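Following: one structure in structure tokens, then a few remarks.
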Amino acid sequence: GITMGTDGMKASLISRDLIADSIELVCRAYPFDGLIALSGCDKTQPGVALALARMDIPGLILYGGPSAPGCVDETDVTIQDVFEGVGAHARGTLNDAGLKRLENNACPGAGSCGGQFTANTMATAFEILGLSPLGSAGLPAQDPARPALAQAAGRLLMDLVRADLRPSQILTLEAFENAIAAVAATGGSTNAVLHFTALAREAGIPFELEAFDRISARTPILADLKPWGRYVAADLHRAGGIAIVGRRLLELGLLHTNAKTVHGVSVGELVRGAQDAPDQTVVRPSNAPVQPQGGLAILRGSLAPDGCVAKVAGHNRRNHQGPARVFDGEEAAFEAVQQGLIVAGDVVIIRYEGPRGGPGMREMLAVTAALNGAGLGDSVALVTDGRFSGATHGLMVGHVCPEAALGGPLALACDGDLIVLDIATRCLHLRVDDAELAVRRARWAPPSKVIPRGVLSRYAKGALPASLGAAME
């Protein structure tokens, strides 16, 4: 979070692969019989999962847990509210004292960001995937029951070693489809597309972008969670946890019940008896969802021939067309929002932020939150070859492939070009005739960028496209 909106954010996604490599090296140096992989925030989650898949020794993931929400004026707040407060402050609807109160109260203690952002999206999905103990993800980081949970995880690991139950027996196509259904049903982060694509590739499971679209289209949003809903991760835990979401998926026929888990029994057996807390309103009944379809959509078209990801949770906007406002990098776009230069109807394009072009595919939370804070969240769209924070909401399209730095169509867009985005037809188009595009392509050259020697340089040269998980080759 500290690196958001700065060059430091380039390190974030790359750290996922370094975490996996580090665990692999330790496991190869000390040939362990089993492994508990401790995860915390966004990139440790997929990082430890990649390592478990690669090493294929009996193991499980134990998540450190979400933070409690902050409270301002008797309303729960999270880090999302701070970033949106920056936009409201720039617009003049929030004064200095109000922004300071948000900053001082949004994160009251240890734990990952409190909404169904990337960390909690991955943590809950890993329970349904079968790599994490059921009920472990939602328990808040500072809950006094945490030590007992850790002890139970240790005993469970010994059971896995004795049974020789390995990640390769758990990470099946059916398990991945279950996990994506859990992401869709909770309106989870678009980063799940990157991370599950990379994890499936590591596990040798064929898993294409369209699988996310297919699963999300048939899966209703059942949990009313931030960043677009009312509740936070701790509320989901008190309501009964991701297990009750799993039970509803089972009731709807959307769960592969025979998929194995670290408990040694199937996911169907685990969630079938899950109980809702009395009078809970966080997770809707299976016949009364928040939205009839999940929160992810995969689009293709002349602006994204190799695909991109749209977040459609929590709003009813399914199409948008308007003039492009093109920015070569996040900072320029953020400055334009702060200066009030973005108006209703615009399509904000942020390019050269892809895996290689960034390098590192920075999150765009500073820009997206500022747009929402400025009151433009319902009237503009944003398109980028970068990615989003799990706290992002609104009509936002990321992971555009091919990325601009590799000569993708995003590199040819100019201010004023008509951009057409249609969720129903899964299309994202740049409405410029072929002759004009040919002229622009002949003039185009990749921007020169000084990249420090070392890991950033290696990633810039060898990162896979976002459509393949943006892993370091």
Side-chain angles (χ1 to χ4, degrees), residues 13-21 23-24 37 39 42-57 59-61 118-119 121-132 165-186 188-219 246 249 254-256 258-262 267 294-298 300 306-309 355 361 387 390 398-399 401 462-473:
L13 181 60
I14 302 173
S15 75
R16 177 192 68 181
D17 297 80
L18 294 180
I19 289 161
D21 290 348
I23 294 173
E24 176 194 354
S39 68
D42 296 13
K43 305 312 170 301
T44 55
Q45 295 272 39
V48 300
L50 288 167
L52 281 172
R54 188 180 302 168
M55 298 310 301
D56 199 31
I57 59 175
L60 59 85
I61 298 171
T118 301
T121 293
M122 298 305 296
T124 51
F126 282 161
E127 287 191 23
I128 300 299
L129 181 70
L131 280 184
S132 291
L165 180 57
R166 297 170 181 261
S168 58
Q169 298 168 264
I170 293 171
L171 295 175
T172 62
L173 178 61
E174 290 76 16
F176 276 98
E177 291 193 344
N178 285 344
I180 298 308
V183 173
T186 58
S189 170
T190 52
N191 285 309
V193 177
L194 277 181
H195 300 325
F196 277 112
T197 301
L199 181 58
R201 184 173 179 273
E202 190 73 62
I205 303 297
F207 210 71
E208 298 182 351
L209 277 180
E210 271 62 31
F212 294 91
D213 194 86
R214 171 173 49 82
I215 295 166
S216 186
R218 73 188 184 200
T219 306
L249 293 174
L254 299 175
L255 192 74
H256 298 289
N258 293 326
K260 290 183 178 180
T261 70
V262 290
V267 68
L296 302 173
I298 304 300
R300 294 182 188 266
D306 292 345
C308 59
V309 182
M361 208 178 180
R387 62 191 179 90
H399 312 186
C401 291
L464 292 169
S467 56
L468 297 177
M472 194 182 298
E473 184 69 292

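Owing to the predicted nature of the structure, the values given are computational and were not obtained by experimental measurement.
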L194 and L13, any side-chain heavy atoms less than 4.5 Å apart: yes
Main-chain N/O of T121 paired to T124 side chain as donor or acceptor, under 3.5 Å: yes
Verdict with reasoning, R54 to D21, per side chain to side chain contact (heavy atoms under 4.5 Å, CB included): CA-CA 9 Å; R54 188 180 302 168; D21 290 348; 2.8 Å; yes
Validation row: I298, V309 side chains within 4.5 angstrom (heavy atoms): yes
Check against side chain to side chain contact (heavy atoms under 4.5 Å, CB included), H195 and Q45: CA-CA 9 Å; H195 300 325; Q45 295 272 39; over 6 Å; no
Exceeds 12 heavy-atom contacts within 6.0 angstrom, atom CD of E208: no
Candidate pair L129 and L199, rule side chain to side chain contact (heavy atoms under 4.5 Å, CB included), full reasoning: CA-CA 11 Å; L129 181 70; L199 181 58; 4.1 Å; yes
Min side-chain heavy-atom separation D213-L296 under 4.5 Å: no
pair L52-I61: side-chain heavy atoms closer than 4.5 Å: yes
Parallel, tilted or perpendicular: ring planes of F176 versus F207, cut at 30 and 60 degrees: tilted
S132 and E127 side chains, donor-acceptor separation under 3.5 Å: no
Nearest non-hydrogen partners of A53 and E202, listed with the distance: CB-CG, 4.0 Å
Minimum-distance pair of heavy atoms, taken over all atoms of P167 and L131: CB-CD2, 4.5 Å
Donor-acceptor side-chain pairing of E177 and H256 below 3.5 angstrom: yes
Point-to-point distance, once rounded to the nearest 0.5 Å, from OG1 of T219 to CG of L254: 5.0 Å
C401 side, atom SG; L209 side, atom CG - distance, nearest 0.5 Å: 7.5 Å
Cationic N near anionic O, under 4.0 Å, R300 to E210: yes
Distance-only polar pair, side chains of S189 and T118, donor-acceptor under 3.5 Å: yes
Least distance between heavy atoms, A463 atom then P355 atom: CB-CB, 3.9 Å
Shortest non-hydrogen contact between I57 and R166, atoms and distance: CA-NH1, 3.9 Å
Gap separating the CD1 atom of I23 from the CE atom of M55, nearest 0.5 angstrom: 10.5 Å
Closest non-hydrogen atom pair between D17 and A470, with its separation: OD1-O, 4.4 Å
Donor-acceptor under 3.5 Å (N178 side chain, L255 main chain): no
Close side-chain approach of T197 to F212, heavy-atom, < 4.5 Å: yes
Straight-line distance of I128 CD1 to L249 CG, nearest 0.5 Å: 7.0 Å
Residue pairs, two or more places apart or on separate chains, that pass side-chain hydrogen bond (donor to acceptor under 3.5 Å, both in side chains) and touch residues 464-473: R201-E473
Close side-chain approach of V262 and L165, heavy atoms under 4.5 Å: no
Any donor-acceptor pair under 3.5 Å from R387 side chain to H399 backbone: no
Ion pair R16/D42, N-O distance below 4.0 Å: no
Shortest non-hydrogen contact between F126 and A49, atoms and distance: CZ-CB, 3.6 Å
